[in-house]
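Letters go in sequence order (proteins before strands), and every chain restarts at 1.
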2 protein chains.
Amino acid sequence: MFGMLTIGQLADYAGVTVKAIRHYHERGLLAEPERDTSGYRRYGAQDAVDLVKIRTLASAGVPLSRVKDLLDADPDALTAAIAEIDRTLQDRIARLRRTCDQLAQLRGGDRLFVSPEVADHLDHLRELGVSERQLRLERDGWIIMRTASPEDAFVWITERRELLTDPEFRALYLEHDLAYDWSPDDPRLPALADRTRKWFTGHHGRSETRPVHNPAIARLAARSQPGATSPAWNRLADLMKGD
Amino acid sequence: MFGMLTIGQLADYAGVTVKAIRHYHERGLLAEPERDTSGYRRYGAQDAVDLVKIRTLASAGVPLSRVKDLLDADPDALTAAIAEIDRTLQDRIARLRRTCDQLAQLRGGDRLFVSPEVADHLDHLRELGVSERQLRLERDGWIIMRTASPEDAFVWITERRELLTDPEFRALYLEHDLAYDWSPDDPRLPALADRTRKWFTGHHGRSETRPVHNPAIARLAARSQPGATSPAWNRLADLMKGD
DNA sequence: TCGGACGTTGACCCTGGGGCAGGGTCAAGC
DNA sequence: GCTTGACCCTGCCCCAGGGTCAACGTCCGA
């Protein structure tokens, strides 16, 4: 019979693989055509039209089960459905574009992993000369805090950034950072502990909102990390709670 | 231990389902963390960072097997890979937008299923008052032709559109269309056959390129369609080849 | 201390095809 | 007649998870 297509020709016409056509047959989306004497499927022009419809909907991300319904829906329902599909498609495009942006940030620093406020905070600390080790501790601490309570984390990071404008706090922070590598017998440790305690008592009244949980030298949250503490820091902790 | 996340908390943090995290464990993408006494997985901040990386790459459509390699690739290779991924992403966005356009045409006529030239041709025929039945025959014929040979189909459709500028050809075409429903004994049939033959002989020399295959009244290709012929048309065919 | 709501565990089936295996068919050339 | 290459057939496994299940764990209020 003249004008009957094989599955491969049909596939080429619609820009679809042979496999996909067979799949549509299995799902009952495209009617199984007649077979020739050797069992090959033989298609006509209407099949080509149907297939292009199916492919258009499917490549818009419509699940095949729904495509099936849509194919013999009345024109009004089809129009409505198309409008809705178009909306979800726009949404997907927008999301892909956002993914694009995030992808670009992947080679950068930590901005992708923490909130913008925390990222700014970490940048600030880096400018002050804080060690990479301490920066990681900070970053990880804020990550953990955010999982516990994003709102609280936001309040805390705001407080913390404000605190860093205090020169004495900044000095203490940097010195604590340095102290990590000191010997536990270092004579500077008691003096540092003392200064820290004094600063604490002086500022206790100010940030009353969450006096317990707001860790001035915030490493509590990251305690489980490897290298999150050192002999000198342990000594420091003992000295500070000792009195 | 303080600061250890459950799988659900980690999932919320990264904007990912619990299921996906377990999947990444199975694929060896994300290291299996320690379990607590009851067998629950317990995660740290580093896991959150790793997970966001994975998710960023995966939602850009990178296959997980490649994500795995990328995770511990050197920065240069990563940069190159990201550039490439970005390109494929742009491509996907462009393709989605095209899909959007095609979707809109789905409620329209046949423009989606045939080449633009054929679509214009069909529009022209419709304006001339050709029956819907005949239009379908035409459309299906061109579809079948295109599967046989897109280039030839392009040549043929160009010739055909030129031919339609001939008033006598137009008149014959329209009358053949009407003749479909006539009785096979209709006295107008012999006259029509005669006129058609005359026209043919008059124009035989002109379009020499494909004298055999260029069907003046092109319904050969669609002969397999239901309703592609009628008693009157059969009679007409007999009359024309009879002499 | 109990009950109920919610989390977590692994296991299994579903999607929309791509890929592969093992076999049949066809047309062309030797 | 035989081979060769291109095409077709069915059936099964794979991806990247989503849904659902039964069986536990955990936490919170009464």
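- The side-chain heavy atoms of B/Leu103 and A/Leu57, taken from C-beta on, include a pair separated by under 4.5 Å.
- Looking at which nucleotide of DNA chain D each of B/Arg22 and A/Arg22 is closest to, the 5′-most match is held by A/Arg22.
- Between B/His25 and B/Tyr43, the ring planes are parallel. Angles under 30° get that label, and only those over 60° would be called perpendicular.
- Side-chain contact between B/Gln102 and A/Arg55 is present, with at least one heavy-atom pair separated by less than 4.5 Å.
- D/dC7 atom P lies 14 Å from atom CD1 of A/Ile21, rounded to whole Å.
- Taking side-chain N and O atoms only, B/Ser65 has no distance below 4.0 Å to OP1 or OP2 of D/dC15.
- Between the P atom of D/dA16 and the CZ atom of B/Arg66 lies a distance of 13 Å, rounded to the nearest Å.
- Between A/Arg41 and D/dC9 there is a side-chain polar atom (N or O) within less than 4.0 angstrom of OP1 or OP2.
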I'd like a table of atom pairs between the protein and nucleotides 17-19 of chain D - only N or O on both sides, under 3.5 Å - with the distance next to each one.
residue	atom	partner	partner atom	Å
D/dG18	OP2	B/Thr17	OG1	2.7
D/dG18	N7	B/Lys19	NZ	3.2
D/dG18	O6	B/Lys19	NZ	3.3
D/dG19	N7	B/Lys19	NZ	3.4
D/dG19	O6	B/Lys19	NZ	2.1

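- Following rounding to the nearest Å, A/Tyr43 (OH) and D/dC8 (C1') show an atom-to-atom distance of 11 Å.
- One interatomic measurement links the two molecules: CD1 of A/Ile7 to P of D/dC7, which rounds to 13 Å at whole-angstrom precision.
- Atom CD in A/Gln9 sits roughly 10 Å away from atom P in D/dC7 (whole-Å rounding).
- Distances from the side chain of A/Ser38 to the nucleotides C/dT25, C/dT9, D/dC9 place C/dT25 closest.
- Using a 4.0 Å cut-off, some side-chain N or O of B/Arg35 falls inside it from OP1 or OP2 of C/dG10.
- B/Tyr40 has its side chain out of reach of B/Ile7: every pair of non-hydrogen atoms, C-beta onward, lies at least 4.5 Å apart.
- Here A/Arg27 reaches the OP1 or OP2 of C/dT15: one of its side-chain N or O atoms lies under 4.0 Å away.
- A distance of 4.0 Å separates CD1 of A/Ile157 from CH2 of A/Trp142, quoted to the nearest 0.5 Å.
- Side chain of B/Val18, nearest nucleotide from D/dC15, C/dC26, C/dT8: C/dT8.
- Computed from coordinates, the A/Lys68 NZ to C/dT15 C1' distance equals 15 Å when rounded to whole Å.
- Here the two rings, on B/His121 and B/Phe154, have centers that are 6.0 Å apart or farther.
- A donor atom on one side chain and an acceptor atom on the other are found under 3.5 Å apart for A/His176 and A/Thr196.
- Put simply, CD on A/Glu26 is 13 Å from C1' on C/dT15, counting in whole angstrom units.
- Checking C/dG10, D/dG25, D/dC8 against the side-chain heavy atoms of A/Tyr40 singles out D/dC8 as nearest.
- Counting to the nearest Å, the C1' atom of C/dG17 and the CG atom of A/Leu30 are 15 Å from each other.
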